[in-house]
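As the structure is a prediction and not an experimental result, all values here were calculated from the model. Letters A, B, ... mirror the listed sequences (proteins, then strands); counts begin at 1.
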There are 2 protein chains.
Amino acid sequence: MREDLIISNVISALKSVLKHDENKPIALSQPWFNGNEWKYVKSCIDEGWVSSSGEYVDRFEANLAEFTGVKHAVAVVNGTAALHISLLLSGVKQGDEVLIPALTFVAGANAICYLKAVPHFIDSDDKSLGVDANKLCSYLKDTAYMKGNVCYNKKTQRPIRAVIAVHTFGHPADLDALLEVCRKFNLELIEDCAQGLGSYYKNIHVGNFGKVSAFSFNGNKIITTGGGGAVVTNSLEVAKIAKHITKTAKIPHPWFFIHDSIGYNYRMPNINAALGCAQLENIEKFLKNKRALAKKYQEAFENLEGVSFFKEPEYAKSNYWLNTIILNEEYSFIRDLLLVKTNSQKIGTRPPWMLLNKLPMFRDCPSMDLKTSEYLEKSIINIPSSTFLGEGYVKE
Amino acid sequence: MREDLIISNVISALKSVLKHDENKPIALSQPWFNGNEWKYVKSCIDEGWVSSSGEYVDRFEANLAEFTGVKHAVAVVNGTAALHISLLLSGVKQGDEVLIPALTFVAGANAICYLKAVPHFIDSDDKSLGVDANKLCSYLKDTAYMKGNVCYNKKTQRPIRAVIAVHTFGHPADLDALLEVCRKFNLELIEDCAQGLGSYYKNIHVGNFGKVSAFSFNGNKIITTGGGGAVVTNSLEVAKIAKHITKTAKIPHPWFFIHDSIGYNYRMPNINAALGCAQLENIEKFLKNKRALAKKYQEAFENLEGVSFFKEPEYAKSNYWLNTIILNEEYSFIRDLLLVKTNSQKIGTRPPWMLLNKLPMFRDCPSMDLKTSEYLEKSIINIPSSTFLGEGYVKE
């Protein structure tokens with residue numbers, strides 16, 4: 001049968017790129033420690049600075065700002081915390097709606113709910129895997145109205161306050177088109193850069209376009225701090241508030257404990273930042289490897305029937321955080337079989353997230369028609385992407 | 001003047017215990033790493049397990065449960081997260097009130113607000129520095145009423161759902177008396193054990209009395225994980241929910257991403273748990289040192305005029321996390337001068353937290369009369385308490 005052939009072709013292509021030895025499992029995305037990780041982490045333990053004070057947090061923030069070109073970075077405990085603070089600083093309040101792709105990890109929608117706001121699900125396009133800005137524009141023209149400066153949902157009468165742009169698997173969303181929609185409907189743009197460290201939109205690093213953006217440094221990301229994230233912004237004022245409220249909103253004083261607003265204990269510990277400083281020193285090498293691995297996959301999947309390797313949008317230079325193949329619509333029914341077969345051969349693959357609008361806690365949330373997301377959900381497979389897998393190809 | 005004499009006596013007493021060399025600053029409370037910290041952390045880095053998966057998290061949870069005697073422990077990113085989850089699992093909902101001492105760190109009141117519930121401030125007693133259970137009982141008799149099984153605030157008409165017992169500076173609150181109040185008014189008891197690791201109420205470790213309890217392993221605590229905390233409970237059912245919702249409520253599956261409720265990204269990273277495992281191995285030694293230091297302070301302050309060393313309540317064996325002296329009421333006006341003089345001589349001291357009802361964001365919250373808390377707030381000074389400071393006294 002044709003589908004058997006597609007499955008065996010995909011597995012062959014993966015094995016050819018990965019030089020796979022059946023006895024050794026290949027994970028989907030693992031961290032790589034081959035720099036100063038030991039040295040920096042040990043210095044934290046030796047000097048006793050492992051917690052909320054210590055030089056590595058400041059250094060990590062400065063290095064991250066320098067690398068991304070975003071003026072200010074505030075290191076936090078993880079990407080979810082970064083999204084929560086980004087939403088808060090974008091003015092999202094209880095009872096507001098926030099537009100968010102249905103095709104993304106659950107963290108953003110959860111963070112919206114922490115503020116007792118409501119996720120409003122929108123479709124993605126198959127060129128970027130991110131928000132379909134044109135479709136969003138038409139949708140809002142039909143379903144929303146402006147009163148004063150505020151965009152309201154005609155049906156729910158709730159204010160629509162912001163839109164979260166996700167750079168899915170490291171591919172930048174079409175930010176110019178999105179910013180145009182945001183201007184038209186007075187929405188705040190929040191960039192979810194959890195997957196996007198090292199990705200550029202028209203030569204500018206992602207995270208520079210929204211008022212506030214969120215990064216993640218979880219163990220499966222390009223660089224890791226164990227658990228960690230960052231809020232980044234080009235506004236000094238916003239950065240100051242972000243730092244203040246992620247440190248329990250304590251007014252700085254050597255011994256008095258006075259706090260001036262409801263705050264969060266979201267500060268990244270120094271020992272985690274130490275790991276991050278070492279990782280960030282290698283980011284250029286990591287990115288080179290990532291792109292080399294992607295190129296190799298691209299070649300291996302070039303002429304296969306029924307499946308294609310997902311390439312970066314033309315306006316972008318992507319980090320290829322998770323490499324992605326997409327089954328043609330007529331073959332999407334073989335996806336689960338492919339997942340079982342590859343994983344049983346110890347090749348780590350996974351489908352994308354279940355569309356958020358299908359999860360029980362979000363089923364009653366507003367949603368646009370999600371045709372493309374539905375297709376992508378059932379047709380995408382992420383394939384092994386650990387940075388070190390690209391090492392051989394860089395050397396070649 | 002008599003107050004000058006008191007100040008110079010206090011400083012002399014501190015120096016005699018601390019064998020203070022003026023050139024070397026003595027911090028209030030620093031961590032101590034002299035066990036397997038580096039070995040375990042290094043193994044995380046070497047094996048690549050620094051993040052949300054890895055053996056140290058499970059091991060830390062098991063060891064913590066064993067040490068405290070609480071059946072189940074779930075490791076989280078910090079004490080604030082632990083309090084947040086404890087409140088959630090105690091059934092606290094938007095619009096509820098939660099009773100909490102005005103004399104405590106801001107985390108608990110913040111966590112109440114994360115759930116859009118309302119802190120309701122209560123007084124502490126000067127025997128435990130924790131909730132005054134008798135006063136609370138009288139207060140509720142006057143200001144609350146029962147309807148069905150629910151306790152309501154007569155004035156606000158809001159349900160009063162729970163009470164947070166804080167084991168202040170490591171001294172257990174009077175839990176039997178509090179449990180009696182909870183039974184009477186059908187309140188859920190939450191133990192804030194952030195400061196209480198190694199403290200016992202009538203020979204039972206704190207954290208065993210509430211339905212859910214919260215620990216902290218911040219850098220200033222008896223043991224540290226960099227940043228970290230734990231939710232503990234004797235209920236298997238509660239523990240399962242705690243673990244599930246602190247891991248984004250993801251249904252376990254090797255590749256599918258399905259989440260069944262709003263979840264949190266609160267899981268402690270493995271690299272932080274590795275530190276915790278090593279620290280916990282030394283807890284008995286740490287506690288011995290802490291109590292030895294406290295005994296030395298007790299002797300040094302025994303016959304001083306105008307000030308006394310705070311001793312554990314008679315029902316308790318305390319960890320003496322932060323050693324505490326209390327000025328007699330007529331001398332509380334010298335507290336700030338004492339803080340300035342000691343800190344300028346590099347002896348780390350601090351006052352307690354500003355009473356929470358005085359902070360701008362909590363000023364409109366309900367509160368009982370806080371007479372004792374007012375006195376304690378202006379009369380308490382915490383003095384250097386790092387575990388290693390007790391080392392000499394243990395050996396003697």
Trainee: Counting only non-hydrogen atoms closer than 4.5 Å, does A/Asp336 touch chain B with its backbone (N, CA, C, O), its side chain (CB onward), both, or neither?
Mentor: side chain
Trainee: Side chains of B/His259 and A/Met361: closer than 4.5 Å at any heavy-atom pair?
Mentor: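 Side-chain contact under 4.5 Å: yes.
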Trainee: Going by side chain to side chain contact (heavy atoms under 4.5 Å, CB included), A/Pro101 matches just one of A/Asp192, A/Leu129, A/Val166, A/Leu355. Which one?
Mentor: A/Val166
Trainee: For A/Leu275, is it the side chain, the backbone, both, or neither that has a heavy atom closer than 4.5 Å to a heavy atom of chain B?
Mentor: side chain
Trainee: Picking from B/Asn382, B/Thr248, B/Thr80, which has the most non-hydrogen pairs under 4.5 angstrom with chain A?
Mentor: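 It is B/Thr80.
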Trainee: Suppose a student defines contact as a heavy atom less than 4.5 Å from any heavy atom of chain A. Which residues in residues 220-230 of chain B would they list?
Mentor: B/Thr224, B/Gly226, B/Gly227
Trainee: Heavy atoms, side chains only, cut-off 4.5 Å: are B/Lys24 and B/Lys346 in contact?
Mentor: no
Trainee: For the residue pair A/Leu280 and A/Cys277, establish whether any side-chain heavy-atom pair is separated by less than 4.5 Å.
Mentor: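 Not touching, per the 4.5 Å side-chain cut-off.
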Trainee: Between B/Pro31, B/Gly219, B/Pro351, which shows the greatest number of heavy-atom pairs under 4.5 Å with chain A?
Mentor: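 Winner by heavy-atom pair count: B/Pro351.
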Trainee: Do you see a donor-acceptor pair shorter than 3.5 Å between the side chains of A/Asn218 and B/Ser51?
Mentor: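 Present: a donor and an acceptor within the cut-off.
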Trainee: Taking ring-ring contact (aromatic ring centres under 6.0 Å, His included) as the test, write out the residues that go with A/Tyr56, two or more places apart.
Mentor: A/Tyr40
Trainee: Heavy-atom distances under 4.5 Å only: say whether B/Ile271 touches chain A with side chain, backbone, both or neither.
Mentor: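 The side chain, not the backbone.
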Trainee: What part of B/Asn270 gets within 4.5 angstrom of chain A, counting heavy atoms only: side chain, backbone, both, or neither?
Mentor: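 Contact with chain A involves no heavy atom of B/Asn270 at all.
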Trainee: If we ignore hydrogens and angles and just use 3.5 Å, is the side chain of B/Lys250 paired with the main-chain N or O of B/Phe256 as donor and acceptor?
Mentor: yes
Trainee: How long is the gap from CD on B/Glu37 to CD on B/Glu281, to the nearest 0.5 Å?
Mentor: 8.0 Å
Trainee: Using a 4.5 angstrom heavy-atom cutoff, name the option from B/Val340, B/Thr349, B/Leu28 with the most pairs to chain A.
Mentor: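 The option with the most such pairs is B/Val340.
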Trainee: Using a cut-off of under 4.5 Å for heavy-atom pairs, which of B/Met268, B/Gln30, B/Lys42 has the most such pairs with chain A?
Mentor: B/Lys42
Trainee: Do A/Trp321 and A/Phe215 make the cut of ring centroids closer than 6.0 angstrom?
Mentor: no
Trainee: Is B/Asn272 close to chain A through its backbone or its side chain, or both, or neither, when contacts mean heavy atoms under 4.5 Å?
Mentor: side chain
Trainee: Chain A heavy atoms under 4.5 Å from B/Leu356: which part of the residue, side chain, backbone, both or neither?
Mentor: neither
Trainee: For A/Asn110 and A/His84, does a side-chain donor sit closer than 3.5 Å to a side-chain acceptor?
Mentor: no
Trainee: Only pairs of heavy atoms separated by less than 4.5 Å count here; which of A/Phe105, A/Trp353, A/Tyr114 has the most with chain B?
Mentor: A/Tyr114
Trainee: Could you list the residues that satisfy ring-ring contact (aromatic ring centres under 6.0 Å, His included) with A/Phe60, not counting sequence neighbours?
Mentor: A/Phe217
Trainee: Kindly write out the residues that satisfy ring-ring contact (aromatic ring centres under 6.0 Å, His included) with A/Phe33, not counting sequence neighbours, or none if the list is empty.
Mentor: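 Expected list: none.
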Trainee: Go through B/Gly48, B/Pro352, B/Cys113, B/Ser261 and name the one with the most non-hydrogen pairs under 4.5 angstrom from chain A.
Mentor: B/Ser261
